[in-house]
Amino acid sequence: MQDFKAAVANCLKSKIEDLSYDEILQLIEIPPNKDMGDYAFPCFKLAKVFRKAPNLIAQDIAESIPAEGDISKVVPMGGYVNFFVNKSQLAKTVINNVLTQKDDYGKSKIGEGKNIIVEFSSPNIAKPFHIGHIRTTVIGNAIYKLYDSQGYNTIRINHLGDYGTQFGKLIVAFKKWGDKETVEKNPIKELLALYIKFHDVAKEQPELEEEARAWFVKLENGDEEAKELWTWFRNESLKEFDKVYKLMDIEFDSFAGESFYTDKMDAVIKELEDKHLLKESRGAKIVDLEEYGMPPALIQKNDGSTLYMTRDLAAAIYRKNTYNFDKCIYVVASQQNLHFQQWFKVIELMGYDWYDKLEHVNFGMVSLEGGTLSTRNGRVVFLEDVLDQAIQKTREIIESKNPDIENIDQTVKDVGVGAVIFQELSNSRIKDYVFTWDKTLSFDGETGPYVQYTHARCCSVLRKAGEEATTDINYDLLSDEDSSEVLKLIGDFNKNILVALRKSEPHIITRFVLDLAQAFNKFYHDNPILVDDAEVRKARLALVEATRQTIKNALALLGMHAPERM
Ligand code: ARG
């Protein structure tokens, strides 16, 4: 519909000298119901300039604009000029765009030459990849796809949590109670069990904490045994994470995690010192942020070890030098809001003018029924288990409905994993939510499988038709209300992508594709497609094809596949 809004703005511009084209575009609204037209222009702002009542201005403007080309009717309504777009012209534009651009429909090149970093997922080594991580993983991947689709050079970074005092604890626990074979059989679950045991035992034997700290300092100082164990924990964990990424079809351009910055932190500490930003506080080094209403940023502990924050500072500077980003996005839970506010401030105080190109894209918390997640207490739901169960349930449903389906393994994976992704992206990201198996495995209503099913339905109609959809059709046959509703939505695809991108809100795309699926299903219910009248059949098939392609492209932005049969 972009083109039509532009056509409306152009007509108005020729009548109104006092507003710029862009100002007019900004003012144009969508009327509250369809009977009032497709666009409305409010005249209230013009009352002063024209020294006339808005409704009289609306009347004058409406009378002076001819109904031609993209516009079929112009009427004054109170203080508004309302426009009705030419529905067969709409059908022609939209269908031509989709059928010629195909998989590229919705894409643009507005981001060309700009580098965007999207940092997401970033699980912690030797800890479970649990449902708490699913949000950053799924939201981050969708944000990557949104930017990528608009031509930005987008770099995906997995800032693995592969460093920190917890590795000291793990080394102690492994040396005391672990054995290699058991760990290799089931790395994350075993390492987690060791970690939990460490905390249990340390309650009675607090000296273990001291031992753990000592091992971490050894690791930082390059001790052979510590490094070897750490490398092994890391490799075993990565293998496990990789299984989940493969299942979800998610890739990264870099796995430079926290440990990558080990040798880059001294320089940051020195720079902070040179810029007179560091203060001593009980043996530790801090940046005082009291003036900005925040607790101090802890840079180095009194035993000389560095912190999560120090590594974030080093990483941001490294990334700026390496990728010269236009934006560096961090998809991280809102529990870490303060952490990001603090170190973004430190970057600003260091005099880097790119501090405002760092963006924390936060999201609400996932909890379990009856309480929060806790790695230490073993209250976790593994992401891999969630995906496996979703796939298993999909298999049962599909096997009972459509047992002869080809390629069933791929289909159940696409639908099962898709269901989990879609449900994650169904709400505004900042909302907290409670994980329940029931909700995640429900395929009714506004779910991923419903949208995928609509796509498969389009494919099935096209297969049965046995003829290619073409643009060589009578577009007047698609000017009815059901068709126009579908086509208007399809025409708004790119606009929705841009809003989702600007707000870092993939749920705008989930909403869009649900609306499209619903509008199409209404069309499908009320309008037989494979009719004898060849002209009508061809026109409707073109609409089916445009819908199929747009659903597929929208799901791809969410990181989902669109199976052709299910
Ligand atoms: N590993 C961290 C966690 O699981 C997330 C890392 C977030 N990214 C960052 N640059 N601090 O909580």
Side-chain angles (χ1 to χ4, degrees), residues 116-141 143-144 155-167 169-170 188 191-192 195 230 233-234 237-238 240-241 244-245 250 252-262 264-265 268 297-299 306-320 322-323 325 327-347 354-355 357-367 372-376 379-384 429 432 504:
I116 305 289
I117 292 182
V118 185
E119 187 214 278
F120 65 103
S121 199
S122 311
N124 300 321
I125 297 297
K127 288 208 195 162
F129 198 165
H130 57 73
I131 52 161
H133 289 114
I134 190 173
R135 305 203 75 187
T136 162
T137 307
V138 169
I139 295 170
N141 192 46
I143 291 177
Y144 155 74
I155 301 121
R156 291 160 290 188
I157 299 185
N158 193 326
H159 189 71
L160 285 175
D162 56 2
Y163 218 61
T165 39
Q166 75 268 26
F167 291 99
K169 297 177 187 174
L170 209 56
I188 307 259
L191 292 174
L192 175 65
Y195 188 69
W230 171 82
F233 295 152
R234 186 177 193 274
S237 305
L238 272 179
E240 294 271 298
F241 298 158
V244 174
Y245 294 136
I250 289 179
F252 292 91
D253 301 297
S254 160
F255 279 90
E258 293 187 42
S259 70
F260 180 77
Y261 301 98
T262 314
K264 297 173 182 61
M265 281 182 291
V268 176
L298 197 49
I299 304 293
T306 55
L307 290 122
Y308 183 49
M309 176 112 51
T310 329
R311 294 188 276 282
D312 263 326
L313 292 170
I317 296 168
Y318 173 85
R319 289 176 191 174
K320 185 66 195 168
T322 309
Y323 302 104
F325 54 74
K327 210 189 262 185
C328 183
I329 293 174
Y330 297 83
V331 186
V332 183
S334 54
Q335 283 112 305
Q336 298 193 28
N337 283 356
L338 177 63
H339 167 77
F340 280 93
Q341 281 156 12
Q342 284 176 301
W343 78 258
F344 286 0
K345 193 62 176 180
V346 174
I347 291 283
W354 44 266
Y355 71 91
K357 296 191 166 152
L358 303 169
E359 188 180 327
H360 178 200
V361 170
N362 55 5
F363 53 84
M365 198 159 75
V366 187
S367 52
T372 46
L373 297 161
S374 163
T375 313
R376 287 190 196 180
R379 276 180 59 83
V380 285
V381 176
F382 289 85
L383 183 46
E384 202 185 339
R429 61 182 154 74
D432 290 345
S504 297

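Just so you know, ligand 1 is whichever comes first in the structure, and atom 1 is the first atom listed for that ligand.
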I'd like to know if the side chain of T136 and the backbone of V331 have a donor-acceptor N/O pair within less than 3.5 Å.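 Looks like yes, one N/O pair under 3.5 Å.
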
Side-chain (R429) to main-chain (N362) donor-acceptor, under 3.5 angstrom: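 At least one qualifying donor-acceptor pair exists.
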
Checking I317 against K264 for the side chain to side chain contact (heavy atoms under 4.5 Å, CB included) test, could you report, in this order, the C-alpha distance in whole Å, the side-chain angles of both residues, the deciding distance, and whether it holds? CA-CA 10 Å; I317 296 168; K264 297 173 182 61; over 6 Å; no

When you compare the side chains of Y330 and S122, does any donor N or O come within less than 3.5 Å of an acceptor on the partner?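 Note: Y330 and S122 side chains miss the donor-acceptor criterion.
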
Closest non-hydrogen atom pair, F325 against A316: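 It is CE2-O, 4.0 Å.
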
Test of understanding: with ring pair (Phe, Tyr, Trp, His ring centres under 6.0 Å), list the residues that count as partners of F260, not counting sequence neighbours. Y318

Taking any residue with a non-hydrogen atom under 4.0 angstrom from an atom of ligand 1, which ones do you get?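 Shell around ligand 1 (4.0 Å, heavy atoms): E119, S122, N124, H133, H159, Y308, D312, Y330, V332, Q336, F340.
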
